[in-house]
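To keep things clear, I will list the structure first and then write my remarks on it.
Owing to the predicted nature of the structure, the values given are computational and were not obtained by experimental measurement.
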Amino acid sequence: MPLLLRCSPAASPPLLPRRRSGSLLSAAPPGRRPLLPAAAGRVVLGCGLVTLDYLATVDAYPRPDDKIRSGELQVSGGGNAGNALTGAARLGLNTRLISKVANDEIGGTVLSELKEAGIDISHVIISDGGNTTFVYVIIDKQTKTRTCIITSGYPPMIPSDLRMSSLSAALQDVSLLYLDGYSDEMALAVAKQADQMKIPILVDAEPERTREELGGLLSLASYIVCNGKFPEKWTSIPSIPSALLEILLQYPRACFAVVTLGENGCMMLERGKDGENYETEPVDIENVAESLRLKVDKDDILPTCVSSKFMRLTARGSGNIFARLLIGTAESIPASGLVDTTGCGDAFIGAVLHGLSTEMPPEKMLPFACQVASNVEQSAHDLAYHGNPIHA
């Protein structure tokens with residue numbers, strides 16, 4: 001089977017027979033109860049990207065002009081919002097989605113799988129014509145990495161797609177809004193309405209987004225989650241602890257900013273609530289980070305968390321805030337057990353959505369989220385809407 005399927009920009013690729021392989025985020029089989037109890041009355045609304053992913057596994061990434069064959073091919077639902085909400089639903093949350101698909105075969109498949117996963121899709125916009133977003137994912141078995149080639153959906157999702165009455169209905173009874181940063185104009189419109197309704201907002205800050213696309217969302221964010229590339233790109237500060245401090249200084253409404261670090265786990269800077277009257281000499285956040293790294297038990301296989309106390313933290317050339325720094329470790333996975341990292345960040349966010357909705361303290365939420373992400377790494381490919389359940 002060829003590595004890539006040929007397709008013109010205006011057309012969608014043919015659907016291939018679906019192989020149900022191992023994947024962590026999936027709908028519970030008929031008759032099976034959610035693995036974790038749902039938070040009573042808690043509804044999470046997500047706004048963002050859903051796709052159909054064509055995942056080709058290869059022995060090694062091709063060189064220019066190479067013609068190679070894939071070892072296997074899987075077709076499954078994807079997209080940041082689709083993945084994260086599916087994970088949250090599998091963990092017991094009531095989930096709801098604002099997104100856009102076309103009335104093509106791919107769009108129908110994506111909606112069917114989202115519905116099967118237990119997500120409320122009644123607010124998904126279906127365009128008459130155009131194409132649904134699809135992604136080719138090349139999974140390199142040698143380096144355990146993946147390369148994504150995305151064909152964006154058309155027409156794009158814009159605020160006028162959703163009337164105010166429909167937006168109000170989508171936000172009804174919502175306790176937490178999740179934005180993945182795609183369709184930034186729509187995301188900002190939803191965020192502004194949620195802000196008026198005093199609904200907390202979690203923003204997935206991807207490094208590919210520009211300041212024009214992401215700045216407005218971050219100014220409204222209650223919680224910020226990003227990967228290891230984002231802090232330096234956004235702040236021009238190479239050190240992650242100092243960059244996190246700068247992010248919280250830039251966005252005073254954010255309760256925390258957390259960065260995922262792959263095999264090195266994650267790091268969170270959590271703002272304190274009662275620091276205005278805490279008069280002490282500021283401590284350099286880099287020194288705090290180093291002391292926490294020394295406390296990490298490198299022999300502990302399962303994810304753990306170490307935390308500083310709340311204190312006034314500063315960095316060179318920056319202001320200071322009353323906060324605490326937390327480091328979450330990842331599960332130690334042997335190379336033979338690592339299948340693929342695709343979707344780990346979305347799995348992490350799904351677990352954070354669950355943790356926030358169930359009022360899980362950060363020192364418990366971080367290891368929990370790292371564990372869920374680790375389960376994805378040891379599963380086959382990405383966070384498909386079908387397959388094996390989360391084990392957390």
Side-chain angles (χ1 to χ4, degrees), residues 25 44-53 77-89 93 95-101 110 114 117 119-121 123-125 132-135 137 148 150 152-153 156-159 161-162 167 170-171 174 176-194 199-227 229-230 233-234 251 254 257-260 342-354 356-357 369 372-373 376 382-383 385:
L25 300 184
V44 173
L45 173 65
C47 177
L49 182 67
V50 295
T51 72
L52 196 67
D53 293 350
N80 300 39
N83 286 338
L85 287 185
T86 302
L93 291 180
T95 54
R96 191 179 294 166
L97 174 67
I98 295 175
S99 189
K100 189 172 187 176
V101 300
V110 169
L114 289 166
I119 297 171
D120 178 355
I121 59 171
H123 303 283
V124 174
I125 301 144
T132 301
T133 302
F134 58 92
V135 184
V137 184
C148 299
I150 185 169
S152 298
M157 184 166 61
I158 56 177
D161 285 334
L162 203 62
L167 177 55
L171 286 165
V174 167
L176 180 61
L177 173 64
Y178 157 61
L179 303 170
D180 67 8
Y182 284 86
S183 303
D184 54 288
E185 291 182 3
M186 172 67 91
L188 186 57
V190 176
K192 287 180 177 179
Q193 184 63 25
I199 297 171
I201 300 169
L202 184 147
V203 174
D204 177 7
E206 289 203 326
E208 295 79 12
R209 307 274 79 78
T210 66
R211 287 190 175 273
E212 290 73 21
E213 293 171 327
L214 201 55
L217 297 180
L218 291 178
S219 68
L220 297 174
S222 311
Y223 314 102
I224 299 171
V225 181
C226 61
N227 66 21
K229 296 178 181 179
F230 177 81
K233 180 182 178 182
W234 198 258
Y251 303 105
V258 58
V259 54
T260 58
T342 307
C344 290
D346 298 330
F348 185 94
I349 288 176
V352 170
L353 293 173
H354 178 272
L356 290 170
S357 298
V372 171
V376 172
D382 78 338
L383 294 79
Y385 305 150

Measure the shortest side-chain to side-chain distance between L356 and V44 over non-hydrogen atoms and say whether it is less than 4.5 angstrom.
no
Taking every non-hydrogen atom, the tightest pair across D161 and P156
OD2-O, 3.7 Å
Counterpart residues, side-chain contact (heavy atoms from CB on, under 4.5 Å), relative to E213 (two or more places apart)
D184, R209, T210
If the condition is side-chain contact (heavy atoms from CB on, under 4.5 Å), which residues does P159 pass it with, not counting sequence neighbours?
E185, A189
All heavy atoms of G79 vs all of D53, minimum pair found to be N-OD2, 4.3 Å
Taking side chain as C-beta onward, heavy atoms only, is T51 less than 4.5 Å from V110?
no
Can you list the steps and then say if T132 with L52 is a side chain to side chain contact (heavy atoms under 4.5 Å, CB included)?
CA-CA 8 Å; T132 301; L52 196 67; over 6 Å; no
Minimum heavy-atom distance V190-C47, with the two atoms named:
CG2-SG, 4.2 Å
Residues which pass side-chain contact (heavy atoms from CB on, under 4.5 Å) with A194, listed by chain and number, not counting sequence neighbours:
L171, L177, I199, I201
Heavy-atom side-chain contact between M157 and L162 under 4.5 Å:
no
A205: partners by side-chain contact (heavy atoms from CB on, under 4.5 Å), with sequence neighbours left out:
L214, L218, I224, C226, F230
How close do I119 and G82 get, counting heavy atoms only, and between which atoms?
CD1-O, 4.3 Å
Looking at S357 and H354, would you say the former's side chain and the latter's main chain have a donor-acceptor pair under 3.5 Å?
no
V50 and V101, any side-chain heavy atoms less than 4.5 Å apart:
yes
Residue list, ring pair (Phe, Tyr, Trp, His ring centres under 6.0 Å) with Y178, at least two apart or on another chain:
none
4.5 Å side-chain heavy-atom contact, L179 and L188:
no
Side chain to side chain contact (heavy atoms under 4.5 Å, CB included) evaluation trace for N83 with I349:
CA-CA 9 Å; N83 286 338; I349 288 176; over 6 Å; no
So, using ring pair (Phe, Tyr, Trp, His ring centres under 6.0 Å) as the criterion, who are the partners of Y223 when residues are at least two apart?
F256
Give me the atom names and distance for the closest heavy-atom approach of A89 to A117.
CB-O, 3.6 Å
Would you check if there is a donor-acceptor pair between the side chains of D180 and N80 at a distance under 3.5 Å?
no
So, for A191 and L220, which heavy atoms are closest and what is the spacing to 0.1 Å?
CB-CD1, 3.8 Å
